[in-house]
Amino acid sequence: MADLEARYRGIFGDDGPVRIVCGPGRVNLIGEHTDYNGGFVMPMALDVAVRLALVPRDEPATAGKPTVTLWSEQFDERAEFTLGDAEPPDAPHWLRYPMKVAEVLAQEGLGLRGFSAVLDGNVPIGSGLSSSAACEVASALAFLVAARPDVPAGPAGVAAEAHGLSTCRLAQLCQQAEHRVGVRGGIMDQFVSLHGRVGHAILLDCRDLSYQTMPLPTDEVEVIIIDSAVPRRLTEGAYNERRSQCEEGVGRLRKFDASIEQLRDVSLDLFEAHKAALPKTVRRRCRHVITENTRVLESAEAMKAGDLVRFGELLNASHDSLRDDYEVSRPELDLLVEIARGVKGVLGSRLTGAGFGGCTVTLARPEAVEPLREAVLARYEKETGLVPHIWVSEAAAGATIEV
Ligand code: GLA
């Protein structure tokens with residue numbers, strides 16, 4: 001990314017010390033469509049991120065109606081909103097993320113202050129690597145820093161604490177902003193963007209937000225992300241539909257055990273005993289979520305035991321379940337997974353994120369990375385007409401105030 005401070009000066013002129021905040025994207029290793037069912041996920045933060053370079057406005061935090069002026073590097077566009085005012089009729093879609101973040105932070109009782117900022121990012125948009133969560137988290141940090149310019153550079157937690165917030169609460173607020181934009185997403189993306197740790201995946205219990213950092217043995221295994229170049233379309237409708245189907249499953253299974261609140265509470269035994277009570281599609285959706293939760297916990301055990309082969313098998317099983325039971329894969333993603341699984345030294349491969357397009361994540365021995373790249377380049381474009389993007393990624397730190 002360009003020198004953001006210089007970009008800021010170029011666009012807004014020289015008016016005061018520039019602060020820079022950063023919210024990373026993420027890749028999910030395992031635990032897909034489990035977060036909104038109160039289950040388990042194991043994502044890691046990436047070294048691609050959304051950044052804002054900002055200068056707070058002069059008016060005091062009590063002025064009431066903070067105005068935020070943004071220049072988007074990616075969209076080459078300037079836009080502005082005033083908190084408390086109706087959405088500007090010509091507001092570009094990207095503006096809705098910081099706007100909704102401002103709304104939820106104000107509702108939480110934070111005294112917000114306006115700012116002007118350059119917004120930049122290198123998280124591929126629409127690839128399932130959570131560019132939207134990265135934008136929400138970075139925007140939230142921008143508001144926290146603008147309202148309290150005394151907050152020093154450092155991890156997001158310092159800025160959150162200065163406002164009496166925990167980073168867990170901040171993740172929830174960013175999730176609420178996502179809901180207001182229109183996708184009823186779970187907590188995973190915002191949580192890992194805030195809590196990521198270098199060299200570690202995060203094992204998160206999405207019900208109580210307790211988590212463990214899981215070291216990735218980088219000398220033994222690489223995490224490879226392959227972008228299918230299939231743009232995700234109609235994601236919102238299909239995603240929200242999956243969520244409703246899970247809720248329907250809960251409603252029906254609760255008749256057999258009143259303590260069931262989410263699919264997280266349904267054991268495989270209870271599901272097997274009563275699955276006939278579920279309509280066929282709902283049954284398959286529930287089976288995915290229930291088995292996926294056990295796969296995440298088993299993956300954590302396998303990682304702790306150093307059994308990466310087993311971890312890889314669980315990744316494969318996750319993909320098959322997403323493809324057959326949850327029906328969120330696409331032929332292009334299945335092809336990438338099939339190619340990867342045919343390469344010696346690949347431990348496992350699956351679609352990552354919501355599905356319907358976007359990326360796969362592959363776990364491979366370091367010596368398998370080049371053969372994997374060659375195998376994908378040899379077949380994928382020829383068979384799909386799409387140009388894949390392949391990169392090896394490392395687990396990065398969570399959101400920070402860089403300057
Ligand atoms: C999207 C959502 C997440 C999660 C995944 C699927 O990324 O934002 O909350 O539900 O899909 O696992």
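Sequence positions, counted from 1, serve as the residue numbers for this chain. This structure is a prediction, so every number in the text was calculated from the model and none was measured. First listed ligand is number 1; within each ligand, the first listed atom is number 1.
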Parallel, tilted or perpendicular: rings of His288 and His33 (30°, 60°): perpendicular

Salt bridge (Lys or Arg N to Asp or Glu O under 4.0 Å) partners of residues 166-178, not counting sequence neighbours, each pair once: Glu108-Arg169

Give every pair formed by an N or O atom of ligand 1 and a protein N or O atom closer than 3.5 Å, one pair per line with both atom names and the distance to 0.1 Å, or write none.
residue: ligand 1; atom: 7 (O); partner: Arg26; partner atom: NH2; Å: 3.0
residue: ligand 1; atom: 7 (O); partner: Asp189; partner atom: OD2; Å: 3.0
residue: ligand 1; atom: 8 (O); partner: Asp189; partner atom: OD2; Å: 2.6
residue: ligand 1; atom: 9 (O); partner: Asp35; partner atom: OD2; Å: 2.5
residue: ligand 1; atom: 9 (O); partner: Gly186; partner atom: N; Å: 2.8
residue: ligand 1; atom: 10 (O); partner: Asp35; partner atom: OD1; Å: 2.8
residue: ligand 1; atom: 10 (O); partner: Asp35; partner atom: OD2; Å: 3.4
residue: ligand 1; atom: 10 (O); partner: Tyr239; partner atom: OH; Å: 2.5
residue: ligand 1; atom: 12 (O); partner: Glu32; partner atom: OE2; Å: 2.7
residue: ligand 1; atom: 12 (O); partner: His33; partner atom: N; Å: 2.6

Electrostatic pair Arg310:Glu301 at N-O distance under 4.0 angstrom: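 Looking at Arg310 and Glu301, the cut-off is not met.
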
Intermediate values then yes/no, side chain to side chain contact (heavy atoms under 4.5 Å, CB included), Phe115 and Thr69: CA-CA 6 Å; Phe115 58 85; Thr69 307; over 6 Å; no

Salt bridge (Lys or Arg N to Asp or Glu O under 4.0 Å) partners of Asp90, counting only residues at least two apart: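 In terms of salt bridge (Lys or Arg N to Asp or Glu O under 4.0 Å), with neighbours along the sequence ignored, Asp90 is linked to no residue.
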
Salt bridge (Lys or Arg N to Asp or Glu O under 4.0 Å) against Arg341, all qualifying residues, sequence neighbours excluded: Asp320

